[in-house]
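Inspection log for the structure reproduced underneath, given as structure tokens.
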Protein chains: 2
Amino acid sequence: MVDMAENIKMTRQRRVILDILDRCETHPSADELYDLVRKKLPKISLATVYRNLDALSEAGLVRKLEFSGCQKRFDKTVLDHYHIRCQACGKIEDLPSEPGRGIERKFLPQTEFEITGHNLELIGICPDCRRKVR
Amino acid sequence: MVDMAENIKMTRQRRVILDILDRCETHPSADELYDLVRKKLPKISLATVYRNLDALSEAGLVRKLEFSGCQKRFDKTVLDHYHIRCQACGKIEDLPSEPGRGIERKFLPQTEFEITGHNLELIGICPDCRRKVR
DNA sequence: ATAAATGCAAAACGTTTGCCATCGG
DNA sequence: CCGATGGCAAACGTTTTGCATTTAT
């Protein structure tokens with residue numbers, strides 16, 4: 001099931017994108033990434049960033065995070081994990097516990113659909129924002 | 001916690017939107033709703049549909065569903081429930097089991113965030129699409 | 001050499017806004 | 001009557017596309 005299709009041309013722009021995501025603790029959106037990449041490759045175009053994020057996520061080298069009601073964000077591919085998003089500032093943090101099939105099993109008897117996966121995102125208020133409100 | 005703020009002007013366009021959502025088994029997107037509403041009110045504008053869906057969901061009369069990586073969809077407000085989405089055709093179906101705080105409690109010790117909620121969506125293949133692939 | 005990837009500009013997409021006219025309470 | 005709402009068109013933010021040029025393999 002793991003797609004090891006790394007038959008992907010390794011261009012300068014892709015190397016830079018991967019490099020940034022590798023050393024990046026955050027989960028940048030495409031335009032944030034674009035700003036970061038432009039520091040190394042000032043004339044890269046935003047379209048290239050989008051195209052490459054698509055290509056790299058198809059190749060399994062980055063993960064595309066699609067959250068509800070906001071921009072897509074990107075991640076270097078590591079172990080599968082859940083995320084929590086701050087409802088105030090949008091910041092996204094990893095959660096340590098790894099997803100299992102337990103949730104999907106629970107819903108099996110409730111639907112005619114063939115269940116293939118699930119998305120779980122926690123919503124909360126991050127420590128920074130909590131401090132501000134106080 | 002339940003926002004009973006129904007101090008909302010009941011206009012013709014809002015009545016029609018509510019009416020359609022009431023008799024609607026599906027979870028239409030704003031533009032699908034726009035097409036449906038136009039059968040009754042041919043000169044309503046899409047902006048009005050959007051503004052009213054906002055207003056009505058603020059008033060607690062409809063629910064705005066924000067799924068990952070796709071258009072918002074709308075729902076008459078009833079009991080809280082999860083959804084499953086077909087990865088092939090995008091169709092959304094309700095799941096009977098009601099969300100609890102159990103999931104949030106589980107993640108409490110894993111984060112510094114103050115957890116305020118969660119989104120869970122199941123992904124699958126609906127019976128219709130499964131038939132087609134066969 | 002050649003298929004794939006780039007940069008650029010323009011389009012597409014879903015959604016929101018500003019404006020002034022109209023309507024509902 | 002007055003403030004809330006409507007219709008319209010234009011703007012918006014994000015993402016995609018067409019096309020001629022360049023690049024990696």
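What you see is a predicted model; the values in this text were computed from it and never measured. Lettering of chains follows the sequences in order, A, B, ..., and the numbering in each one begins at 1.
- Put simply, the side chain of B:Arg14 gets close to the backbone of B:Lys9: a donor and an acceptor are under 3.5 Å apart.
- Here D:dA24 presents its C1' atom at 10 Å from CZ of A:Arg14, a figure rounded to the nearest Å.
- The backbone N or O of B:Arg101 sits nowhere less than 3.5 Å from a side-chain atom of B:Glu104 that would complete a donor-acceptor pair.
- A:Met10 places its CE atom 16 Å from the P atom of C:dA4, with the value rounded to the nearest Å.
- At whole-Å resolution of the value, CG in B:Leu56 and C1' in D:dA4 are 14 Å apart.
- The aromatic rings of A:Phe107 and B:Tyr82 sit perpendicular, their planes meeting at an angle over 60°, well past the 30° parallel limit.
- Going from atom CD of A:Glu32 over to atom P of D:dT15 covers 11 Å, rounded to whole Å.
- Among residues two or more places apart in sequence or in another chain, the side-chain hydrogen bond (donor to acceptor under 3.5 Å, both in side chains) test is passed with A:Lys72 by none.
- Each of B:Ala30 and B:Arg12 was matched to the nucleotide of DNA chain C holding its nearest heavy atom; the match closer to the 5' end belongs to B:Ala30.
- For B:Gln13, no side-chain nitrogen or oxygen approaches OP1 or OP2 of C:dC23 to under 4.0 Å.
- Atom CG of A:Asp54 is separated from atom P of D:dT14 by 17 Å (rounded to the nearest Å).
- Residues B:Pro127 and A:Phe113 come closest through the heavy atom pair CD-CD1, 4.0 Å.
- Across the protein-nucleic acid pair, A:Lys64 atom NZ and D:dT14 atom C1' stand 12 Å apart, rounded to whole Å.
- Two end axes, each from the C1' atoms of five base pairs, can be drawn for the helix from C:dA1-D:dT25 to C:dG25-D:dC1; they diverge by 40°, to 10 degrees.
- Residue-environment remark: CD (A:Glu66) exceeds the threshold of 12 foreign heavy atoms within 6.0 Å.
- Considering every non-hydrogen atom in both A:Pro28 and A:Leu21, the closest pair reads CG-CD2, 3.8 Å.
- For B:Ser57 (side chain) and B:Leu53 (main-chain N/O), a donor-acceptor pair under 3.5 Å exists by modelled atom type.
- Remark: side-chain polar atoms of A:Arg73 are not paired, donor with acceptor, to backbone N or O of A:Leu65 under 3.5 angstrom.
- DNA chain C lies under 4.0 Å from at least one heavy atom of each of the following residues of residues 41-53 of chain B: B:Leu46, B:Ala47, B:Tyr50, B:Arg51.
- Remark: B:Gln71 is in phosphate contact with C:dT15, judged by side-chain N or O atoms under 4.0 Å from OP1 or OP2.
- Taking atom CG of residue B:Leu33 and atom C1' of nucleotide C:dT15, one finds them 14 Å apart after rounding to whole Å.
- Atoms CZ (B:Arg15) and P (C:dG24) sit 8 Å apart, rounded to a whole Å.
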